[in-house]
There are 4 protein chains.
Amino acid sequence: MSSGTSRAAEPAGGAGPRGRIDKRQAILRAAFTVFARRGYEQACVREIADEAGVAKPTVYNHLNDKETLFRHTVIAAADTVAADNLAAVERLRDPGGDLGAVLTDVGLRLLRVCCGERATALRRLSSAQAASMPDLFETVIERTGLAVRDALADRFARLSLAGRLRECPPDQAAEQFVALLTGPAETRSRFGTRRVPVAEQRAVATAAADTFLRAYGS
Amino acid sequence: MSSGTSRAAEPAGGAGPRGRIDKRQAILRAAFTVFARRGYEQACVREIADEAGVAKPTVYNHLNDKETLFRHTVIAAADTVAADNLAAVERLRDPGGDLGAVLTDVGLRLLRVCCGERATALRRLSSAQAASMPDLFETVIERTGLAVRDALADRFARLSLAGRLRECPPDQAAEQFVALLTGPAETRSRFGTRRVPVAEQRAVATAAADTFLRAYGS
Amino acid sequence: MSSGTSRAAEPAGGAGPRGRIDKRQAILRAAFTVFARRGYEQACVREIADEAGVAKPTVYNHLNDKETLFRHTVIAAADTVAADNLAAVERLRDPGGDLGAVLTDVGLRLLRVCCGERATALRRLSSAQAASMPDLFETVIERTGLAVRDALADRFARLSLAGRLRECPPDQAAEQFVALLTGPAETRSRFGTRRVPVAEQRAVATAAADTFLRAYGS
Amino acid sequence: MSSGTSRAAEPAGGAGPRGRIDKRQAILRAAFTVFARRGYEQACVREIADEAGVAKPTVYNHLNDKETLFRHTVIAAADTVAADNLAAVERLRDPGGDLGAVLTDVGLRLLRVCCGERATALRRLSSAQAASMPDLFETVIERTGLAVRDALADRFARLSLAGRLRECPPDQAAEQFVALLTGPAETRSRFGTRRVPVAEQRAVATAAADTFLRAYGS
DNA sequence: TATGAATGAGCATTCATTCAT
DNA sequence: AATGAATGAATGCTCATTCAT
């Protein structure tokens, strides 16, 4: 990002392994950009190298294969998405008085993540390669989808115990809450093809929280 | 393969329009098989021609391009899926006494379609090419997802008027009913990667109908 | 060689599979030329295609691999060399009165073959790849070296029975006769690097026949 | 590997010229190993560096080029082989009573060298590059083949003078003696591909000496 | 001196597509 | 209408070699 200054400022000083790490990061960033733009098969290593500002063999020096490059890129994106999602769910740990408002808020945050470029590209890329790299796809689903669902289930179980939700199987409640958010969101974003206006995101989140509370409220 | 008469009448000479049509169908069937197996970019025309039992140029005679071939294949699959989905929704036109049972039944039928090979392959293929053929992707979504939602909304509007559902925006109700079905189904089927046992499909449909009725029942 | 005329003369007539066969032959001829010029690893398929006057993929259409191309080329050369060698040995079947003269003549013919471009290139190419394609190398040796030795042994056995040679193990005699020819020839031709003048070839053959008869004559 | 003292004296500090020489030797040894294993083109500098336990640029520091590296390696091997061969021939300087026995012994020693790993690898490597490095190939032949022949010729001339061999052109005698040894040996070792059992080596040497004495004995 | 990192050039191979039959 | 054969373009990957440290 600010490569010019920092590199010019320390041309020889500490830049030993730093240049290497910088380049690796640049490659991974560029790879995500290009993969998201073209898809796995259509993306060519040369375009990634160009985007990263390095020579093609440098890509191969850092990441042995096109496939390896893809896997690292996807896993990194999945971890970021997962962290964002879990952070959103955390807000349910201390819900305060207005449960509907908190659910709406959490839903909106989850939507922002799921409708974001990273998450949509991640979904498209990994599912497109589900046949050729099934383990990678599985990993992505686990670290993003299932992790959120489980975290939500934990919160819902506590809320159930606290009498804020009716007695219910928390896994199912979580699964359905997520579905009420992502289902409409995917439809409206055309699976990430269109940008969903914030107002619509809010409407989806509100409707999801409303329906959820009608069905699961105490 | 075809009605014996027509082929017996013209064994080799002009081959008639029937042989041509047969071949075209064979090519399209083979194309779907191969595309589903390998994905768009990775599928090669030669493999499709082999699967169809014809020579490569014959494919080009019938469908000008690899892209054209893909589009026809995808549209055909989308139409089939859409018809299946709409047939399922039709059962709501005359719901009878037990609304929950009918909703569960409809849900189960929709799930069967959405978890089927055709629909999952269709989703994966079209979304993977969303970047390069956005219009195709849009068409698929419209003819499958949106069409079902609209048909459902029609039914829900009538049920609302009939007092079987509470007053509600029918589009939202339909959107959420679909979401309660497909969301969990996608998670469990790993986006079409795993086969979902019938018992699980039934559980998802039951839970969806239950939650839906709790939220929208009159 | 005379491609222009022959092809121009029959542009569409019988040239059905003929064009294909012509092209395959052209490719194999070109391959031998280029492999002989550059060696296996250094020869690139594009150069071969250029030399053959076809496009690179055409080479791959006819011979799947660079390795396959090499194998076919080498085997073809080996068969030609073998045939030439055996034809030379045949002259010993009816030796006539002057055995020394016939032996010298046979030796000279064998030398001409072994010092020829084809045989030297064959030896260099196959032995250079002995590590990566041991079976090919073995085949070449069998079809060229061993076959000649065995054919010679047959002749020597008969000559022994006829009292023209002393009693001796014919395999050893044949092995040594060949050695007396090829050993000096290889040294003088610098293993095919230099052209050996005919006079020198004659000297080698004469000396070989002389020494052989001194040792094995009756 | 080296005289322990010098290394103990300068363990890591200045490394002295001795460490440098050691490294150069290690590189040359590794180069021969790898070249023998893979051939010139297929051997990559990185594999050589790994085998030598040094970094790639170190190889370039010591020997400028891949070609230079190859040349040094080959020349070194040629010198070793030549020395071994000449040592074998030396035994003819004072033949003693049984000339056949000495000739057999010398032949066996020569065979051991020629069938050894070093000599076979040397022949294969240098002849494979005869086209791209003709001078190197020439040098190898001179230092190995021709040198032996000349040394042998010297001995045979003396033996001729001493009446132990008939009057004869000593160059031709030497050439043929070598041929009677290496020709069969190359056939049986499949040009260095197979290991020739000692018994066979002995048989070849005996037969060579026998034939030679029949032809050239006084 | 020795090395981690980077690069320009090159190659085998595949594929969609088009001719000529 | 159907096909065997041919091709131009593109891609993943490797390697010898050079900087900068």
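Basis for what follows: all heavy atoms, side chains included, without hydrogens, waters or symmetry-related copies. Because the structure is a prediction, the values reported are computed rather than measured.
- Every residue two or more places apart in sequence or in another chain was checked for a side chain to side chain donor-acceptor pair (under 3.5 Å) with C/Thr193, and none qualifies.
- Side-chain contact between B/Leu63 and B/Arg24 is present, with at least one heavy-atom pair separated by less than 4.5 Å.
- DNA chain E forms stems at E:2-21 with F:2-21, each a run of 3 or more consecutive Watson-Crick or G-U wobble pairs whose two key distances fall under 3.5 Å.
- Sorted by first and then second residue, the pairs that involve residues 128-140 of chain B and meet salt bridge (Lys or Arg N to Asp or Glu O under 4.0 Å), not counting sequence neighbours, are A/Arg190-B/Glu138, A/Arg194-B/Glu138, B/Arg71-B/Asp135.
- Under the side chain to side chain donor-acceptor pair (under 3.5 Å) criterion, A/Ser132 pairs with A/Gln129, sequence neighbours left out.
- Judged as a side chain to side chain contact (heavy atoms under 4.5 Å, CB included), and not counting sequence neighbours, the contacts of D/Asp65 are D/Glu67, D/Thr68.
- Every residue meeting the ring pair (Phe, Tyr, Trp, His ring centres under 6.0 Å) condition with C/Phe137, not counting sequence neighbours, appears here in chain and number order: D/Phe191.
- You'll find that the side chain of B/Ala55 is closest to F/dG4, out of F/dG4, F/dA6, E/dT7.
- Separating the CZ atom of C/Arg24 from the P atom of F/dG4 is a distance of 17 Å, rounded to the nearest angstrom.
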Under a 4.0 Å heavy-atom criterion, the protein footprint on nucleotides 13-19 of chain F, written with B, S and -, is BBBSBB-
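- Checked against side chain to side chain donor-acceptor pair (under 3.5 Å), D/Glu47 has the following partners two or more places apart in sequence or in another chain: D/Arg37, D/Arg38.
- Partners of C/Phe70 by ring pair (Phe, Tyr, Trp, His ring centres under 6.0 Å), not counting sequence neighbours, listed by chain and number: C/Phe35, C/Tyr40.
- Rounded to a whole Å, the CG atom of B/Leu63 is 15 Å from the C1' atom of F/dA2.
- Between A/His62 and E/dA6 there is a side-chain polar atom (N or O) within less than 4.0 angstrom of OP1 or OP2.
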